[in-house]
Every structure is written in C-alpha cells, then in structure tokens.
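One structure is given here, and the rest of the page talks about it.
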2 protein chains.
Amino acid sequence: MKTYSISEVAEYFDMTPHTLRYYDKEGLMPFIERTSSGKRVFKESDMEALKVIECLKSSGMPIKEIKHFIEWCSEGDSTLQQRYDMFLERKASVEAQMEELKKTMEVIEHKCLYYKTALDSGTEDVPLIRNGLSKYSKGGAD
Amino acid sequence: MKTYSISEVAEYFDMTPHTLRYYDKEGLMPFIERTSSGKRVFKESDMEALKVIECLKSSGMPIKEIKHFIEWCSEGDSTLQQRYDMFLERKASVEAQMEELKKTMEVIEHKCLYYKTALDSGTEDVPLIRNGLSKYSKGGAD
DNA sequence: TCTTGACTTAGAGTTAACTTTAAGTAATAA
DNA sequence: TTATTACTTAAAGTTAACTCTAAGTCAAGA
C-alpha cells in the first residue's frame with residue numbers, strides 16, 4: 001500500500017510539516033500511524049480525511065470544532081445525525097459567506113467604475129457626477 | 001447637518017464603540033471631528049467612508065492596508081491610479097474567494113448527500129455504495 | 001565514522017483584530 | 001447634589017492559527 005511521509009503530505013496540501021504536526025497535536029489526526037522510530041506514516045485514507053479537514057477549514061470552521069467531528073467519526077454510526085447536522089450547518093454558513101461576498105463585490109465593482117471615470121477625467125472633483133462629499137467618501141454614496 | 005455619536009454609529013454598523021475607537025487609533029478615521037470636550041462627531045460623509053472601510057474589511061483586506069487607502073484618499077488626485085489598482089486587486093481577491101467557496105460547497109453538498117444516505121440505512125457501512133475506507137475518510141473518496 | 005537532512009518532542013513566540021481594564025472626565029436625570 | 005451614563009485615554013490581555021526554537025534521534029551517503 002502506498003504511503004506518504006509528512007513532508008510529501010505537506011507539499012501536496014501546500015502546508016509545512018510543522019502545520020501537520022500542529023493539527024495532529026490538536027487532535028485532528030488521531031488515525032495517523034507511526035513507524036517503529038516514531039515517524040508519521042500517511043496512508044491513502046489519511047489523505048482523504050485531510051481533504052475533508054481542509055474543506056471544513058475553508059468553510060470557516062475552527063480547528064476545535066473540526067476535532068469534534070473527527071471524534072464523532074471514530075464513534076461510529078451513533079453520531080451519524082450529529083455529523084449530518086454539522087454539514088447542513090456548514091452549508092448554510094458557506095451560503096451566507098457567498099451572499100456577503102456578493103454584496104462586497106457589488107461595492108467594489110462600483111468603486112472600480114468610479115475610479116476609472118475619475119482617472120479618465122484626471123480628477124475626482126467631477127461636479128456633474130457627484131459633489132458635496134468629503135475626499136474620503138467620494139464614490140461611496142450611490 | 002445630521003451627526004451621530006460613537007454609540008449610534010457602533011449600533012448602525014453592528015460593532016462596539018471600542019472597536020470604532022480602535023479603528024480611529026489605527027488611522028482608519030483621520031477625518032472624524034471632535035466636540036470641544038473631545039468627543040467624536042460622525043457626519044453623514046463619515047458614515048459613507050465607514051461603509052467603504054467595512055467593504056474592504058469583508059473583502060479580506062487587513063486594517064494596515066486599509067489605512068494606506070485612507071491616506072491615499074487624503075492625498076488627492078495624485079493617488080487615483082493607486083486607488084484604482086487597489087480596487088482591481090480587491091476584485092480579483094474576492095473572485096478567488098468566491099471560487100474557493102464554490103469548491104468547498106461542492107464537497108459539503110456531497111457530504112450532506114452521503115450522510116443522508118447513511119442515516120436512511122442507519123449505518124455508514126454500506127458495501128454497495130463504498131468500502132475499503134477508514135472510519136475517518138468515508139464519504140470523501142468520490 | 002562522520003556529516004547531512006529529515007524527522008521527533010515540548011514549549012515559547014508571533015500576528016491580526018479585537019477586547020478588556022484602569023483611571024478619569026463631562027453631561028444629564030432624579 | 002448625587003448618581004448614572006456615555007464618553008475619554010493608554011495599555012495590557014485574549015484568541016486562533018500558526019510559526020519558530022531548542023534539544024535531540026535516526027538513516028543514508030562520502
């Protein structure tokens with residue numbers, strides 16, 4: 001069976017071996033086996049588990065909560081409902097983040113247009129477009 | 001002209017007066033005026049500027065960089081290009097974050113389906129669907 | 001055999017963005 | 001007049017997620 005060293009795994013997931021050890025210490029990887037000399041040996045299934053951990057991380061889940069999920073996993077079928085509920089929550093959270101980013105994007109695109117116009121005319125002080133605003137808020141009112 | 005106290009502004013932006021003072025201290029609000037007794041007085045234009053600051057924050061921009069933008073604003077037309085470039089960069093960053101969230105969402109939705117199926121059959125151990133994976137990575141392989 | 005590089009551990013340090021504390025001032029309500 | 005509330009400042013503390021340091025082990029190549 002193909003196995004991976006900590007640095008191979010780190011490279012694959014674009015992190016440092018330090019970070020992987022930190023995750024292990026925080027209880028995210030209780031399933032990693034060791035060599036007789038104590039080195040971590042990563043199996044294919046460990047890589048799959050890490051992908052799920054990465055997914056939960058990029059959904060904004062804190063490491064301590066990911067740890068709870070990992071614990072549920074090792075408790076078996078009795079925690080299926082918790083795990084399902086957790087992923088439903090994650091889904092709602094990611095949807096909310098997407099919604100917020102969308103609103104942010106609208107403001108930013110408006111600003112891009114504003115500055116493009118200002119650059120074309122060489123100045124922000126374009127009374128025909130907008131006036132009465134301070135230097136700081138120009139372009140933020142409509 | 002309508003003005004606002006620090007706690008009114010805090011309530012409007014769903015933060016504490018503490019946080020607003022912190023932003024001020026970090027140089028994000030050099031335009032806020034004070035009463036003779038030293039209290040901050042927020043004008044309508046300050047509210048607009050704060051909306052832009054909030055937008056930059058939710059795009060993931062660190063406070064120190066937002067401060068640079070605020071400095072550029074007070075330097076006038078000579079910094080128009082920098083500010084335009086900055087918003088183009090923000091746009092690209094938000095687009096990348098949206099892309100990442102989309103990928104995360106796909107994994108999460110897959111997991112929701114996986115756990116729904118598992119709950120229906122009362123167990124994760126469904127050889128017809130998937131086998132050969134550890135307790136930790138089940139549902140993460142396809 | 002010696003050196004090099006990758007690994008191990010425990011624990012301290014870093015960074016961002018708050019968040020709280022301490023000590024005090026000013027205006028307003030009872 | 002006294003108490004309350006909102007405000008002020010400077011500075012220390014908190015939290016998450018690393019990130020680094022120190023001290024040491026182990027296997028492979030010159």
Side-chain angles (χ1 to χ4, degrees), chain A residues 3-43 46-47 49-70 90 93 97 100 104, chain B residues 2-43 46-47 50-70 90 93 97 100 104:
Chain A
T3 59
Y4 306 87
S5 74
I6 197 169
S7 48
E8 285 170 327
V9 177
E11 187 174 9
Y12 181 86
F13 285 100
D14 195 29
M15 46 173 78
T16 66
H18 270 307
T19 306
L20 280 168
R21 285 184 210 114
Y22 164 71
Y23 286 175
D24 197 6
K25 204 185 77 185
E26 295 300 308
L28 262 48
M29 288 143 55
F31 41 79
I32 303 295
E33 286 169 18
R34 305 286 185 116
T35 65
S36 55
S37 59
K39 291 182 185 173
R40 289 170 186 81
V41 179
F42 292 76
K43 303 184 294 294
D46 300 333
M47 300 293 269
L50 266 170
K51 280 179 197 169
V52 177
I53 288 170
E54 281 289 275
C55 164
L56 291 174
K57 268 212 317 152
S58 39
S59 84
M61 198 171 188
I63 280 174
K64 276 180 187 171
E65 283 177 44
I66 300 177
K67 184 191 169 174
H68 292 146
F69 167 69
I70 295 293
R90 281 299 94 204
S93 166
Q97 289 175 60
E100 162 125 44
T104 302
Chain B
K2 175 109 181 83
T3 59
Y4 306 87
S5 73
I6 197 169
S7 49
E8 284 171 327
V9 177
E11 188 175 7
Y12 181 86
F13 285 102
D14 196 29
M15 47 174 77
T16 66
H18 271 307
T19 306
L20 280 168
R21 286 184 209 113
Y22 164 72
Y23 286 175
D24 196 5
K25 204 187 76 185
E26 294 301 309
L28 261 48
M29 289 142 55
F31 41 79
I32 304 294
E33 287 168 16
R34 305 285 185 117
T35 65
S36 56
S37 59
K39 290 183 185 174
R40 290 170 186 81
V41 179
F42 293 76
K43 302 183 294 296
D46 300 334
M47 300 292 270
L50 265 169
K51 280 179 197 168
V52 177
I53 288 170
E54 281 290 274
C55 164
L56 291 174
K57 267 212 319 153
S58 41
S59 83
M61 199 171 188
I63 281 174
K64 277 180 187 169
E65 282 176 43
I66 299 178
K67 184 191 170 175
H68 291 147
F69 166 69
I70 295 293
R90 281 299 94 204
S93 166
Q97 289 174 60
E100 162 124 43
T104 302

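All of these numbers come straight from a predicted model, not from anything done at the bench. Reminder, nothing fancy here: chain letters follow the sequence lines and each chain counts from 1. Quick note: numbers below take in every heavy atom, side chains included, and nothing from hydrogens, waters or symmetry partners.
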(request) Would you mind checking if B:Lys43 and B:Asp46 are paired as a salt bridge, meaning a charged N to carboxylate O distance below 4.0 Å? (result) yes

(message) Without decimals, in angstroms, what is the distance between B:Asp14 CG and C:dC18 P?
(response) 12 Å

(request) Using whole Å, report how far OH of A:Tyr22 lies from P of D:dT21. (result) 18 Å

(request) Would you mind classifying the nucleic acid contact of A:Thr16 as base, sugar-phosphate or nothing, using non-hydrogen atoms under 4.0 angstrom? (result) nothing

(request) Return the value, rounded to whole Å, for the distance between atom CD of A:Glu26 and atom P of D:dT15. (result) 14 Å

(request) Indicate whether OP1 or OP2 belonging to C:dC7 is found under 4.0 Å from a side-chain N or O atom of A:Arg40. (result) no

(request) Taking the side chain as every heavy atom from C-beta outward, state whether A:Tyr22 and A:Met15 have any atom pair closer than 4.5 Å. (result) no

(message) Looking at A:Lys57 and A:Glu54, is there a salt bridge between them, counting it only when a charged N and a carboxylate O are closer than 4.0 Å?
(response) yes

(request) Please say whether the positively charged group of B:Lys2, taken as NZ for Lys or CZ for Arg, lies over the ring of B:Tyr4, i.e. under 6.0 angstrom from the six-membered ring centre and within 45 degrees of the axis. (result) yes

(request) Looking only at side-chain atoms of B:Arg34, point me to the closest of D:dT8, C:dT21, C:dA6. (result) D:dT8

(request) Let me know the distance between CZ of A:Arg21 and P of D:dC20, rounded to the nearest Å. (result) 13 Å

(request) Measure the distance from NE2 on A:His18 to P on C:dT14 and round it to the nearest whole Å. (result) 15 Å

(request) Output yes when at least one side-chain N/O atom of A:Thr19 is less than 4.0 Å from OP1 or OP2 of D:dA17, else no. (result) no

(request) Name the residue closer to the 5' end of DNA chain C, choosing between B:Lys64 and B:Lys39 according to the nucleotide with the nearest heavy atom. (result) B:Lys64

(request) Counting heavy atoms from C-beta on, name the nucleotide in D:dA11, C:dC7, D:dA6 closest to the side chain of B:Ser7. (result) D:dA6

(request) Select from B:Lys25 and B:Glu8 the residue whose nearest nucleotide in DNA chain D is closer to the 5' end of that strand. (result) B:Glu8

(message) Without decimals, in angstroms, what is the distance between B:Ile63 CD1 and C:dT19 P?
(response) 11 Å

(message) Does D:dC18 have OP1 or OP2 under 4.0 Å away from a side-chain N or O of A:Lys57?
(response) yes

(message) To the nearest 0.5 Å, what is the distance between CD on A:Gln97 and OG1 on B:Thr104?
(response) 8.5 Å

(message) Tell me the interatomic distance from B:Tyr4, atom OH, to D:dC7, atom P, rounded to whole angstroms.
(response) 15 Å

(message) Rounded to whole Å, how long is the line connecting atom CE of B:Met29 with atom C1' of D:dT8?
(response) 14 Å

(message) Measuring to OP1 and OP2 of C:dC18, would you say a side-chain N or O of B:Tyr23 lies under 4.0 angstrom away?
(response) yes

(message) Below the 4.0 Å mark, does D:dC7 have OP1 or OP2 next to a side-chain nitrogen or oxygen of B:Ser5?
(response) yes

